[in-house]
Amino acid sequence: MTPTTERDLADGIGPARELADAGSALTLGSDSNAVVDLFEETRAVELDERLRTERRGHWTAAELLRAATADGHASLGWPEAGRLTPGATADFVTLSLDSVRLSGAEPATLLESVVFAATAADVRDVVVGGRRIVAGGRHTLLDDVPAALDTAIKAALR
């Protein structure tokens, strides 16, 4: 599911809870040109359900995080990724806990704080396959990410 894309295109709210209750794994991604933020996609699943049903508590933070990590990787054919265990592919991010969104988060509720408050702006480090791609908020392979993206978009539109 890509809730922000569905929202942007006015495609409606997907039946995530019903599908999960029927045994389907929930997997999340981000394919929007308006927002590319897996944290927003993750929390949108719960928030969309709240809008639809006018009640809270459809998903736990742990269920939503699993949809954005282990289950998402498994749906791509990479069951060895999306989790931090020995032998697993080292794909992970670190977050800054001193942003206005996460400052003061308590260890006992840190997962809930991350899932329901963090944004892509809180990401400090990105490791893919054991290789550091972002360090301290700066891309290690590209000097100017916005310029590279602009070039790629313009080339695709030609």
Side-chain angles (χ1 to χ4, degrees), residues 1-84 88-96 99-102 105 110-129 131-134 137 139 141-142 145-158:
M1 298 189 87
T2 55
T4 66
T5 299
E6 308 318 319
R7 180 172 55 209
D8 186 47
L9 297 175
D11 285 342
I13 298 169
R17 183 76 266 168
E18 291 85 353
L19 288 168
D21 289 346
S24 177
L26 176 66
T27 63
L28 298 171
S30 186
D31 68 349
S32 177
N33 64 342
V35 174
V36 180
D37 185 336
L38 196 53
F39 294 106
E40 176 62 21
E41 301 288 353
T42 302
R43 93 178 117 260
V45 174
E46 171 65 21
L47 297 180
D48 286 354
E49 285 294 318
R50 290 178 185 185
L51 281 174
R52 186 174 68 81
T53 65
E54 298 181 1
R55 33 179 209 91
R56 296 176 169 199
H58 300 275
W59 299 91
T60 66
E63 288 175 312
L64 293 170
L65 183 64
R66 188 175 56 248
T69 57
D71 287 351
H73 276 89
S75 74
L76 295 170
W78 302 326
E80 70 285 354
R83 54 195 167 81
L84 291 175
T89 300
D91 288 351
F92 62 90
V93 301
T94 67
L95 302 176
S96 173
S99 75
V100 296
R101 291 165 297 280
L102 297 175
L110 186 57
L111 178 60
E112 288 78 9
S113 295
V114 166
V115 168
F116 290 106
T119 71
D122 296 313
V123 174
R124 290 292 160 250
D125 300 282
V126 177
V127 176
V128 178
R131 183 177 179 197
R132 183 169 281 179
I133 305 300
V134 174
H139 205 288
L141 305 177
L142 299 171
V145 174
L149 180 59
D150 183 62
T151 300
I153 291 170
K154 286 177 179 170
L157 295 176
R158 284 188 216 146

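These numbers come from a predicted model, not from an experiment.
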A quick test of your reading: do over 12 heavy atoms of other residues, nucleotides or ligands sit less than 6.0 Å from [atom1] of [X]?
X      : atom1 : answer
Arg52  : CZ    : yes
Arg132 : CZ    : no
Glu54  : CD    : no

Once rounded to the nearest 0.5 Å, what's the spacing between atom [atom1] of [X] and atom [atom2] of [Y]?
X      : Y      : atom1 : atom2 : result
Lys154 : Leu149 : NZ    : CG    : 10.5 Å
Ile13  : Leu51  : CD1   : CG    : 5.5 Å
Leu19  : Met1   : CG    : CE    : 7.0 Å
Arg66  : Thr42  : CZ    : OG1   : 12.5 Å
Thr60  : Glu112 : OG1   : CD    : 8.0 Å

List the steps and the verdict of side chain to side chain contact (heavy atoms under 4.5 Å, CB included) for Leu26 and Glu63. CA-CA 9 Å; Leu26 176 66; Glu63 288 175 312; over 6 Å; no

If you look at every heavy atom in [X] and [Y], which pair is closest and at what distance?
X      : Y      : value
Leu142 : Ala148 : CD1-CB, 4.3 Å
Thr89  : Gly129 : CG2-CA, 3.8 Å
Phe39  : Ala118 : CB-O, 3.3 Å
Leu65  : Thr69  : O-OG1, 2.7 Å
Arg101 : Ala117 : CD-O, 3.3 Å
Val115 : Ala61  : CG2-O, 3.7 Å

Any side-chain heavy-atom pair from Asp91 and Trp78 closer than 4.5 angstrom? no

Any side-chain heavy atom of Arg43 within less than 4.5 Å of one from Leu64? no

Side chain to side chain contact (heavy atoms under 4.5 Å, CB included) between Ile133 and Leu141, intermediate numbers included: CA-CA 7 Å; Ile133 305 300; Leu141 305 177; 3.9 Å; yes

Determine, step by step, whether Thr119 and Glu40 satisfy the side chain to side chain contact (heavy atoms under 4.5 Å, CB included) criterion, reporting the C-alpha distance in whole Å, the side-chain angles of both residues, the deciding distance to 0.1 Å, and the verdict. CA-CA 7 Å; Thr119 71; Glu40 176 62 21; over 6 Å; no

[X] side chain vs [Y] backbone, donor-acceptor pair below 3.5 Å:
X     : Y      : result
Glu46 : His58  : yes
Thr94 : Asp125 : yes
Glu41 : Thr4   : yes

